[in-house]
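One structure is given here, and the rest of the page talks about it.
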2 protein chains.
Amino acid sequence: MRGAATEAGTRGFRPVAARRAFEEIARQIRERLASGALKAGDRLPPERELAGAFAVSRNTLREALRALEIAGLVELRKGAAGGAFIRAGGGEAAIAGLADLFRLGAIRPEHLTEARIIVGTEVARLASRRRRAADLAALEANVRAAEEATARGDMSARAEINYEFHRLLARATGNPVLIVLTDALMEMTRHFVNRIGYRPNRYVLPSRRRLLAHLKARDAAAAAREMETMLRRLQRWHLGAYGRGR
Amino acid sequence: MRGAATEAGTRGFRPVAARRAFEEIARQIRERLASGALKAGDRLPPERELAGAFAVSRNTLREALRALEIAGLVELRKGAAGGAFIRAGGGEAAIAGLADLFRLGAIRPEHLTEARIIVGTEVARLASRRRRAADLAALEANVRAAEEATARGDMSARAEINYEFHRLLARATGNPVLIVLTDALMEMTRHFVNRIGYRPNRYVLPSRRRLLAHLKARDAAAAAREMETMLRRLQRWHLGAYGRGR
DNA sequence: GAAGTGTAATTGGTTCAACCATTGAACACA
DNA sequence: TGTGTTCAATGGTTGAACCAATTACACTTC
């Protein structure tokens with residue numbers, strides 16, 4: 001400080017925004033989404049026209065569209081009837097974001113299995129209350145497919161069908177938060193299993209059959225118990241394999 | 001079908017990928033992250049150099065970097081010591097992705113409150129088992145700040161401090177999946193509350209005090225019960241406001 | 001020597017003007 | 001009717017240039 005008499009201090013000052021142009025553009029488009037002025041299926045004007053409207057170069061505008069595309073808000077299609085279309089959000093960005101965290105090593109296998117027990121148990125409970133006939137049919141077809149894959153020794157297909165079971169169950173709850181979360185947990189599990197290698201076990205399929213019976217009977221407590229028991233066995237199985245594998 | 005003798009069908013054919021250049025670049029960089037060749041804090045070469053290495057123009061390379069930046073994997077800094085730095089993932093992309101879903105209307109308030117009950121209850125249970133002295137101190141300071149904000153009638157600060165309580169509790173579990181998920185749920189709650197307006201209530205703070213006592217005593221069952229009861233009351237409160245407000 | 005000051009180098013941000021590649025629809029033709 | 005062709009629209013990519021922020025460093029000043 002040089003002169004106390006002229007020093008006015010810096011309180012009340014904030015760092016200037018210095019927001020990049022493409023961020024401001026993406027913000028404005030997001031705003032129209034939140035306000036309902038833009039809804040799923042709508043098409044934005046062509047890039048050249050949008051660039052003119054925002055008074056930026058086409059490159060800068062493209063970076064803004066790229067940001068929205070990665071966030072899963074718009075889909076870009078080439079060709080005569082192409083353009084930027086507003087997507088009906090399916091949560092792909094959130095799923096990819098969690099999968100990236102796992103890839104970065106921020107999430108360790110025991111965190112993943114713990115979260116799966118928490119979410120999976122409550123998904124089973126809610127699904128048994130809300131499942132419709134169509135959900136039950138889809139789940140039964142899934143278990144049958146798993147049995148067939150096991151019979152012909154196709155372990156890769158078996159793993160995929162198992163992930164799909166959890167996704168179907170989550171959809172039966174009708175809660176999109178649980179659906180997205182389950183999808184993300186399965187995506188992380190897939191990465192994890194790819195790393196340690198899939199090892200078949202004998203207790204999952206019988207558990208599935210018991211779970212289906214509870215779902216059919218709408219016995220929420222029994223369904224939750226069955227799922228929790230199965231996931232805890234799976235946790236010991238996975239973490240054992242991880243401990244030996246690392 | 002014209003000639004059954006020459007018709008071979010289309011089974012086994014799949015649409016060709018036609019991946020865009022920037023996607024392939026982002027994939028390669030992601031791969032290095034997953035393999036551990038790149039880790040948090042590392043700096044990628046300057047854009048001009050990278051563009052040369054991938055044999056693409058600088059614009060295309062920038063779209064790849066933009067994609068990685070939006071995904072939260074890298075951070076771009078200007079200036080002499082600038083460049084693309086690998087970020088220590090904090091899950092911002094996943095959080096933003098879920099918040100976008102809420103903004104798009106795919107997630108309705110009852111879905112949000114249901115998920116909060118499930119996650120919050122189990123977070124309280126795990127936190128009471130694993131909390132350390134520092135967690136307890138931070139939570140106590142938070143509750144004190146909430147009481148002060150209430151005393152001076154600052155409802156906006158009060159709301160923020162309340163969200164922070166749940167985030168702190170999630171951190172005490174030590175599970176990054178639960179941390180990211182809680183952050184995302186709080187972010188969605190903030191949007192929701194901003195829309196319907198914050199209305200103070202009298203039962204949250206007493207519940208906080210009881211919860212702190214359970215945490216201090218490491219009584220997991222009581223902590224979970226307290227949190228679940230509070231969240232269910234909050235659910236009725238919020239949904240009631242939403243029902244009248246829409 | 002310590003602290004401030006100016007300057008140059010580095011690097012991301014943006015612009016501009018092209019051209020390429022894909023897509024779908026209009027259209028001609030058998 | 002259907003089949004192939006042409007063409008306009010639109011996103012994808014390129015390359016060169018300049019702007020703007022940031023840092024490192026030599027230089028001055030006390």
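Here is how names work: the chains are called A, B, and so on, in the same order as the sequence lines, proteins then strands, and each is numbered from 1.
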Check your understanding: For the pair made of CG in B:Leu50 and P in D:dT14, what is the distance, rounded to whole Å?
Key -> 14 Å

**Study point:** Between C:dT15 (C1') and A:Arg20 (CZ): distance, integer Å
**Key:** 17 Å

Revision key, fill the gap. Taken to the nearest whole Å, CD/B:Glu47 to C1'/D:dC18 is 15 Å

Exercise for review: Would you indicate what A:Arg62 reaches in the nucleic acid, counting non-hydrogen atoms under 4.0 angstrom: base, sugar-phosphate, or nothing?
Suggested key: base

Exercise for review: Tell me which of B:Glu63 and B:Arg58 sits closer to the 5' end of DNA chain D, going by the nucleotide each one is nearest to.
Suggested key: B:Glu63

Check your understanding: Is there a donor N/O on one and an acceptor N/O on the other, under 3.5 Å, for the side chain of B:Arg66 and the base of C:dG13?
Key -> no

Point to revise | Residues A:Arg27, A:Glu31: salt bridge by 4.0 Å N-O rule | key: yes

Check your understanding: Between the side-chain atoms of B:Asn59 and the base atoms of D:dG12, is any donor-acceptor pair under 3.5 Å?
Key -> no

**Study point:** Integer-rounded Å distance: D:dA20 C1' and B:Leu76 CG
**Key:** 15 Å

Revision key, fill the gap. Out of D:dG11, C:dG12, C:dT14, minimum distance to the side chain of A:Thr60 belongs to C:dT14

**Study point:** Closest to side chain of A:Phe22, choosing from C:dT14, D:dG11, D:dT14
**Key:** C:dT14

**Study point:** Under 3.5 Å side-chain donor-acceptor pair for A:Thr150 and A:Arg158
**Key:** yes

Check your understanding: Is any side-chain N of the basic residue among A:Glu187 and A:Arg167 closer than 4.0 Å to the acidic one's carboxylate O?
Key -> no

Check your understanding: Can you tell if the side chain of A:Asn175 reaches within under 4.5 Å of the side chain of B:Ile107, non-hydrogen atoms only?
Key -> no

Exercise for review: Calculate the interatomic distance between A:Glu69 atom CD and D:dG11 atom P; express it in whole Å.
Suggested key: 12 Å

**Study point:** Sugar-phosphate, base or nothing in reach of A:Arg48, heavy atoms under 4.0 Å
**Key:** base

Exercise for review: Could you check how far CD of A:Glu24 sits from C1' of C:dG13, rounded to whole Å?
Suggested key: 16 Å

Review point. Charged N to carboxylate O below 4.0 Å: is that the case for B:Asp135 and B:Arg132?
Key: no

Practice item. Between C:dG13, C:dT11, D:dT22, spot the one nearest the side chain of B:Arg43, thanks. Key: C:dT11

Practice item. Provide, to the nearest angstrom, the distance between the CG atom belonging to B:Leu61 and the C1' atom belonging to C:dT14. Key: 16 Å

Exercise for review: Could you state the atom-to-atom distance from CG of A:Leu65 to P of D:dG11 in whole Å?
Suggested key: 8 Å

Point to revise | Among D:dT14, C:dG13, D:dG12, the one nearest A:Lys78 by side-chain distance | key: D:dG12

